[in-house]
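Just so you know, these numbers use all the heavy atoms, side chains as well, and skip hydrogens, waters and symmetry mates.
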Amino acid sequence: MYLNMPTQPLSTREKQISMLCAQGYSNREIADKVFISENTVKFHLKQIFRKLDIRKRNELIVVFNKKLPERVGD
């Protein structure tokens with residue numbers, strides 16, 4: 001399903017978007033909060049999913065709930 005640790009470290013922006021996504025914000029809400037376009041949010045989420053070896057948004061929530069973000073959230 002997904003690896004225990006990111007295959008590559010997440011950027012600061014990816015960490016920010018990951019946290020907002022894991023808190024249940026929609027792409028549009030994330031875009032509004034961080035002042036970027038919704039398409040840019042989607043781009044970042046694709047990169048995050050690739051780095052964490054996940055395929056669905058709810059898997060990101062699981063990753064954050066497991067506290068793997070010691071590395072993700074550095």
- Show the numbers, then the answer: is there a side chain to side chain contact (heavy atoms under 4.5 Å, CB included) between Y25 and K33? CA-CA 10 Å; Y25 289 98; K33 282 191 166 293; 3.1 Å; yes
- Listed by chain and number, what are the salt bridge (charged side-chain N to carboxylate O under 4.0 Å, His left out) partners of R57, not counting sequence neighbours? none
- Query: Say you draw a straight line from CD of E14 to NZ of K51; how long is it, rounded to the nearest 0.5 Å?
  - Reply: 3.5 Å
- Task: Look at the side chain of Q23 and the backbone N and O of L20, then say whether any donor-acceptor pair between them is shorter than 3.5 Å.
- Result: no
- Looking at CD1 of I30 and SG of C21, how far apart are the two atoms once the value is rounded to the nearest 0.5 Å? 5.0 Å
- Task: Measure the spacing between CG of D32 and OG of S26 and express it to the nearest 0.5 Å.
- Result: 8.0 Å
- Message: What's the separation between atom CD1 in I48 and atom CZ in F43, rounded to the nearest 0.5 Å?
- Response: 10.0 Å
- Would I36 and I17 count as a side chain to side chain contact (heavy atoms under 4.5 Å, CB included) if you check the C-alpha gap in whole Å, the side-chain angles of each, and the deciding distance to 0.1 Å? CA-CA 11 Å; I36 58 177; I17 290 172; 4.0 Å; yes
- Message: What's the separation between atom OG in S11 and atom CD in Q47, rounded to the nearest 0.5 Å?
- Response: 9.0 Å
- Smallest heavy-atom separation, L10 atom then S18 atom, equals CD1-OG, 3.9 Å
- Where the side chain of K42 meets the backbone of N27, is there a donor-acceptor pair that is under 3.5 Å apart? no
- Query: Would you say the side-chain atoms of E59 pair up with the backbone N or O of R55, donor to acceptor, closer than 3.5 Å?
  - Reply: yes
- Query: Taking a hydrophobic cluster as the set of Ile, Leu, Val, Met, Phe, Trp and Tyr residues connected by side-chain heavy atoms closer than 4.5 Å, whether directly or through intermediates, do I61 and M19 fall within one such cluster?
  - Reply: no
- With sequence neighbours left out, write down each residue that passes salt bridge (charged side-chain N to carboxylate O under 4.0 Å, His left out) with E38, or none if nothing qualifies. R28
- Task: To the nearest 0.5 Å, tell me how far Q8 CD sits from L52 CG.
- Result: 10.5 Å
